[in-house]
Amino acid sequence: MIEKANAGKRALLCFNVSDYETDVWVNGIRAVTHKGGVAPFSIDITDYLIREKNVPVVRCFDIMETAVPRGKQSRMGEQFACYYYPNSGI
């Protein structure tokens, strides 16, 4: 529900990083598809909001193609020559 104090304001949904392909739906309507895993992004979801309860759904899919930058992710699926564990997702 949108609080009275926030009426008339814009609503942003922000992600610091999401690897690699991210789809966002708000109340059953696709709001955005974002590709990339090394930079933050945000979505203005104001036009998708309703007065009642709002439901965001986020799907993050990490493809395993060699052309996609890996960062801390590993195709091996295990720790390798580093002090951190490979990760993926949001």
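Counting from 1, the numbers follow the sequence of the chain as shown.
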Output side-chain donor-acceptor pairs under 3.5 Å for residues 33-44, partner residues at least two apart or in another chain, one line each.
unit_1: Thr33; atom_1: OG1; unit_2: Asp23; atom_2: OD1; d: 2.5
unit_1: Thr33; atom_1: OG1; unit_2: Arg30; atom_2: NH1; d: 3.0
unit_1: Asp44; atom_1: OD1; unit_2: Thr46; atom_2: N; d: 3.0
unit_1: Asp44; atom_1: OD1; unit_2: Thr46; atom_2: OG1; d: 2.7
unit_1: Asp44; atom_1: OD2; unit_2: Arg10; atom_2: NE; d: 3.0
unit_1: Asp44; atom_1: OD2; unit_2: Arg10; atom_2: NH2; d: 3.1

Indicate the atoms forming the closest heavy-atom contact of Tyr48 with Asn54, along with that distance. O-OD1, 4.3 Å
When Val32 is tested against each of Val24, Ile45, Val26 for side-chain contact (heavy atoms from CB on, under 4.5 Å), which residue passes? Val24
If hydrophobic residues (ILVMFWY) are linked whenever their side-chain heavy atoms come closer than 4.5 Å, directly or via other members, who joins Val57 in its cluster? Trp25, Val55
Let me check something: do Val58 and Leu12 share a hydrophobic cluster, defined by ILVMFWY side-chain heavy atoms less than 4.5 Å apart, either directly or through other members? no
All side chain to side chain donor-acceptor pair (under 3.5 Å) counterparts of Asn6, not counting sequence neighbours: none
